[in-house]
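Below, all heavy atoms of this structure are taken into account, side chains as well, without hydrogens, waters or symmetry copies.
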Amino acid sequence: MRLKRLSRFKGECEKLILPFVIFIMALESPLLWGLFLINIVYLCHKDKYFFITVMILCSLFSWRLYQPQPTIPDHHDYQGIVVAVEKNKEYPRFIFATENNRYLVYSEATSDLYSGTHLVVKGDIEQAHPSGYFEGFDYAKYLRSTNLDGLIYEAEVELRPSSFNRHTPRGLIERYIDAFDEEIRPYLQAFLLASNDGFEEATYTKIGKLGLTHLFAVSGLHIGLMALALKKGLNPFLKPASSDWVVIVFLLGFLWISGAPPSVLRAVLFSGLLLLNKRLNIGFSALDLLVILCLALLLYRPYFYTNLGFQLSFLVSMAILLSLPYLKNLANIKQLFMVSFLAFIFTMPLILSIQYHVNLLSPILNVFFGLFLSMVLLPMSYITFFMPFLSDVFKIIIALFETTINISYQWLYLPLNLYIPKGIWRVIYYALMVQWLRSILIQQRSMLHTFIVVLYIALIAFKPYLDPMQHVFMYDVAGDAFFIQDRFNACNILIDTGESDAHQRLNRALKQRNIRTIHMLFISHNHDDHMGAKDDILTDFNVLEVISSDDQKTYENTWHQCGSIEYFIYPSYGTFQSLNNQSLVKKMRIGSDRYLFTGDMEWQKEAAFVANFEDEIDILKVAHHGSNTSTQASFLEATTPEIALIPAHRQNRFNFPDKDVLERLSHHTDVIYTTKTHGSVQISYFFQYRMKKTALSE
């Protein structure tokens, strides 16, 4: 009876995955609820059995997603086992498992650690904060997707006598690989342990920009090659059915050793399902099995949906399986190029969400480097692992590979700088891609659909030039950073850059708006929390003009215009020794509001400013992050702001904003926004109509 019910899904499992994926996307993009509703109403009309199944899947997923996190103990010492180690990061870290929890531990004491090591970790457990940026990287969700319960920073480590445990085999392999020369070590770690920890940053950056990073993430290609090689080697000694079972056991062992990252998990389990489906004659198609596996993993660990490796792995596999009717009719070399191109276009939105550019030549490069990897680099890694005396030969191969990478980066790097926003924009992109793929399969109007796809990508790229609204952003940096975007991209103004940030969050936020040119960069004064990321901004963007407090005399006391935005720089009104009091103070007319940007000016300059101020403002950038050295009652009485914006990051060491300042502001303003509470804040204007939104709710 059960088999009969299951047979209803054969060849039609894609009916399940489409509404289910739209449901997941709608959880973060409310505009998609309408699309989900249309989809399930259609499904209910066509096939109530599938409709009921989808509703059950969505309910189970929601229940699993919103289950409370495990209880975190509040003591300071934790005893457990090392699961995996990343020694070569800028911030060395390791995954640590206690009896009930798993943590990501940051510590300098990683050089002597290996998987399976018993130890005591001393430190305080912290929860990852949600991102303070719109569409920002959510570290908390990432940790949950990797089954981690918390973070421990600057931990002290005490080794304990170790006994054999389930992580010991990986640790033994790590020790064995560490004995190889440093040129070889990263490749063995990548292909045997699914870890890219050891690559030199310069080389790995070039690999990423060329669009080849995925070749070093153990995936279907590597698993397929391993399974094929093992099966061919076993065929002379075992019957086909027996060799299939040996391959399954081997793949499960590799999954265990690698630590089961999502791409390996998908590849191993899918390969196993294909073999079982064949041997047990179940009759599901490869696409059916892939959909079933995807659904099962998402129900098992719901936060997988946020994991980029999981998304990329399933997306590429589904695109290839959907294209099989077309691919089968192509010659081998054409198949390789078409598969590479399909992987490129279907993963482009996800790749752009990481690095905000793709190499347009990567589909071609992937074919040649993929062949080199599968025929030379990957086999040689395994051969050298078992035959270390061939290390010198492997070094030559690696040198050839890295030289080719350098040459390719110099001559074959053609970047497309773009960001495809989440939600409806990506849904439309994938709908167009599926329609384009379908037009190729049925050989009808493929040129028309190609033109529509190119036009849509161009629309996204030039979206800032089509936007009739003005926007003001207070970004959640350590320090100050305000971005003003004029309608139709006529003028982009950045006021301060915040502290230097290894993750370049401000740069990423601007790139998400497809900003490439900054017309004016104001640096309020020369403190690191206002200008620390200046060099990164100058490197990544075309900055036309930089104005700092050193240039004040040139611009002060006169109204200037940039696009439709007007700005006025006030005189210093005296000589001040404090750098804070040397801050540029600017008034701007944006939309229907008058803004006052105060830098870090303190009460002495405020007093001089008020004595010469004869205007009112609507929105105040509160000085000095809400410190009690600023924002005196007399200043607020003179300026009468309606809205106060306080850039005070939640991890600032001075615990800004000061409670007395907040008290004073509450008597003179209607609304107070702080990055500490609200994250990034956006104020938009459609002509005279004002709209506000925050990255975090209170």
Side-chain angles (χ1 to χ4, degrees), residues 17-33 36 57-58 60-70 84 93 95 102-104 126-151 194 196 213-214 217 219 259-267 269 290-291 293-318 346-356 419-427 429-430 476 503 505 508-509 512 679-680 695-697:
I17 196 66
L18 180 60
F20 186 70
V21 168
I22 294 173
F23 171 79
I24 293 175
M25 295 177 71
L27 294 175
E28 295 187 347
S29 302
L31 285 175
L32 293 178
W33 283 117
F36 174 72
L57 288 171
C58 292
L60 287 173
F61 178 82
S62 301
W63 173 68
R64 292 281 294 146
L65 184 70
Y66 295 112
Q67 281 187 330
Q69 287 185 269
R93 61 190 187 179
I95 296 175
R102 285 161 51 102
Y103 307 108
L104 185 62
E126 298 181 23
Q127 296 293 336
H129 296 289
S131 174
Y133 287 81
F134 302 104
E135 293 195 28
F137 175 71
D138 195 318
Y139 200 14
K141 289 182 179 178
Y142 167 76
L143 291 178
R144 296 200 69 176
S145 77
T146 52
N147 201 28
L148 293 169
D149 301 312
L151 303 160
N196 293 326
T213 309
H214 64 96
S219 60
S263 60
V264 179
L265 188 64
R266 195 279 309 164
L269 294 183
L290 189 67
V291 169
L293 178 60
C294 180
L295 294 170
L297 289 176
L298 284 171
L299 293 178
Y300 165 67
R301 190 175 294 169
Y303 279 95
F304 264 157
Y305 87 92
T306 66
N307 189 288
L308 195 66
F310 181 90
Q311 296 172 12
L312 290 171
S313 183
F314 276 96
L315 195 57
V316 171
S317 300
M318 287 184 182
F346 276 90
T347 61
M348 190 166 76
L350 301 180
I351 299 300
L352 288 170
S353 70
I354 311 171
Q355 55 191 34
Y356 305 98
Y419 178 75
I420 301 176
K422 292 181 180 179
I424 193 66
W425 290 95
R426 289 191 191 175
V427 169
Y429 174 87
Y430 282 115
D476 187 27
H503 300 290
R505 294 178 182 90
R508 294 169 67 88
Q512 282 183 356
S680 298
L696 301 174
S697 58

Show, in sequence, the C-alpha distance, side-chain angles and deciding distance for Leu297 and Leu269, and conclude whether the side chain to side chain contact (heavy atoms under 4.5 Å, CB included) test is met. CA-CA 10 Å; Leu297 289 176; Leu269 294 183; 4.2 Å; yes

Quick one, Met318 with Val291, criterion side chain to side chain contact (heavy atoms under 4.5 Å, CB included). Give me CA distance, side-chain angles, the key distance, then yes/no. CA-CA 8 Å; Met318 287 184 182; Val291 169; 4.2 Å; yes

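Heavy atoms only, all atoms of each residue included: Cys294 and Ile17 are closest at SG-CD1, 3.9 Å. Listed here is the closest heavy atom pair of Leu32 and Ile22: O-CG2, 4.0 Å. The two residues Leu299 and Arg64 have their closest heavy-atom pair at O-NE, 2.9 Å. Contact detail for Met348 and Ile420: the closest heavy-atom pair is CE-CD1, 4.4 Å. Contact between Ser317 and Leu290 at its shortest, heavy atoms only, is CB-CD2, 3.5 Å. Ser353 and Arg426 get closest at one heavy-atom pair: CB-NH2, 3.5 Å.
Among residues two or more places apart in sequence or in another chain, the side chain to side chain donor-acceptor pair (under 3.5 Å) test is passed with Tyr139 by Tyr106. By the salt bridge (Lys or Arg N to Asp or Glu O under 4.0 Å) test, Glu28 pairs with Lys141, sequence neighbours left out. Scored by the ring pair (Phe, Tyr, Trp, His ring centres under 6.0 Å) test, Trp33 finds Phe23, Phe36 as partners (sequence neighbours excluded). Every salt bridge (Lys or Arg N to Asp or Glu O under 4.0 Å) that Arg505 has, sequence neighbours left out, goes to Asp501. Under the side-chain contact (heavy atoms from CB on, under 4.5 Å) criterion, Glu126 pairs with Tyr153, sequence neighbours left out. Listed by chain and number, the residues in a ring pair (Phe, Tyr, Trp, His ring centres under 6.0 Å) with Tyr303 amount to none (sequence neighbours excluded). Not counting sequence neighbours, the partners of Phe304 by the ring pair (Phe, Tyr, Trp, His ring centres under 6.0 Å) test are Phe310. For Asp138, there are no side chain to side chain donor-acceptor pair (under 3.5 Å) partners two or more places apart in sequence or in a different chain. In this structure, the side chain to side chain donor-acceptor pair (under 3.5 Å) partners of Ser313, at least two apart in sequence or on a different chain, are Arg266. Evaluation of the side-chain contact (heavy atoms from CB on, under 4.5 Å) rule for Leu315 yields Phe346, Leu350, Tyr430 as partners, not counting sequence neighbours. Legend: residues meeting side chain to side chain donor-acceptor pair (under 3.5 Å) with Gln512, ordered by chain and number and at least two apart, are Tyr356.
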Please tabulate, one pair per line, all N/O donor-acceptor pairs under 3.5 Å involving side-chain atoms of residues 144-151, not counting sequence neighbours.
| from | atom 1 | to | atom 2 | distance (Å) |
| --- | --- | --- | --- | --- |
| Arg144 | NH2 | Gln67 | O | 3.3 |
| Ser145 | OG | Tyr142 | O | 2.6 |
| Ser145 | OG | Asn307 | ND2 | 3.4 |
| Thr146 | OG1 | Tyr142 | O | 3.1 |
| Thr146 | OG1 | Leu143 | O | 3.0 |
| Asp149 | OD2 | Asn101 | ND2 | 3.3 |
| Asp149 | OD2 | Arg102 | N | 3.0 |

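The distance from atom CH2 of Trp63 to atom SG of Cys58, rounded to the nearest 0.5 Å, is 15.5 Å. Put simply, OG on Ser62 and CD1 on Ile24 are 9.0 Å apart, with the number rounded to the nearest 0.5 Å. The CG atom of Leu60 lies 12.5 Å from the CG atom of Leu65; values are rounded to the nearest 0.5 Å. Interatomic distance, Leu293 CG to Tyr300 OH, rounded to the nearest 0.5 Å: 12.5 Å.
Between His214 and Leu312 the shortest side-chain heavy-atom distance does not fall below 4.5 Å. Considering only heavy atoms from C-beta on, His503 stays 4.5 Å or farther from Phe137 through its side chain. Between Leu27 and Phe61 there is a side-chain heavy-atom pair separated by less than 4.5 Å.
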